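In this text, all values refer to a predicted model and were calculated from it rather than measured experimentally. Side-chain atoms are counted along with the backbone in the values below, which use heavy atoms only and exclude waters and symmetry mates. Heads up: numbering here begins at 1 and tracks the sequence.
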Amino acid sequence: MHLRKEQEIEDPRNHSRETIETLRALLAGGARVLADPKRPNFYELEHGSEVFYIHLSPVSGNILLLATWSNDVAGATSQAA
């Protein structure tokens, strides 16, 4: 997925500016996103141990940042090895 110049990242949950800029950089760089199989136009994007949950509006084309969380499975796997 690539962020186009005209696309806006909307943040109704008031994440930190750093979080928004990280997401913007990942999308601009063509980060791989995983589609939510239960919800059309919803995606997860992993970056290290952080996961972003986003919605791509089919109407406006804007990206809505809905949630972020720590991917503890990745950390647990690293520690187990």
| said: Just to verify, what does Pro12 make a side-chain contact (heavy atoms from CB on, under 4.5 Å) with, not counting sequence neighbours? | reply: Leu64

| note | Taken to the nearest 0.5 Å, the spacing of Ile63 CD1 from Asn41 CG works out to 11.5 Å

| request: Please check if Leu34 and Val51 belong to a single hydrophobic cluster, counting links between Ile, Leu, Val, Met, Phe, Trp and Tyr side chain heavy atoms closer than 4.5 Å. | output: no

| said: Tell me whether Leu45 shares a hydrophobic cluster with Phe42, the cluster being built from Ile, Leu, Val, Met, Phe, Trp, Tyr side chains joined at under 4.5 Å. | reply: no

| query | Is there a chain of hydrophobic side chains (I, L, V, M, F, W, Y, each step under 4.5 Å between heavy atoms) that links Phe52 to Ile20? | reply | yes

| Joint cluster assignment, Leu26 & Leu56, ILVMFWY side-chain distance < 4.5 Å | yes

| query | To the nearest 0.5 Å, what is the distance between NE2 (His47) and CG (Asn71)? | reply | 12.5 Å

| field | Thr19 vs Asp11 side-chain heavy atoms within contact, under 4.5 Å | value | no

| Euclidean distance, Tyr53 OH relative to Arg39 CZ, rounded to 0.5 Å | 4.5 Å

| query | Of Ile54, Asn62, Leu23, which is the lone residue that meets side chain to side chain contact (heavy atoms under 4.5 Å, CB included) with Ile9? | reply | Leu23

| Point-to-point distance, once rounded to the nearest 0.5 Å, from NE2 of His15 to CD of Glu21 | 14.0 Å

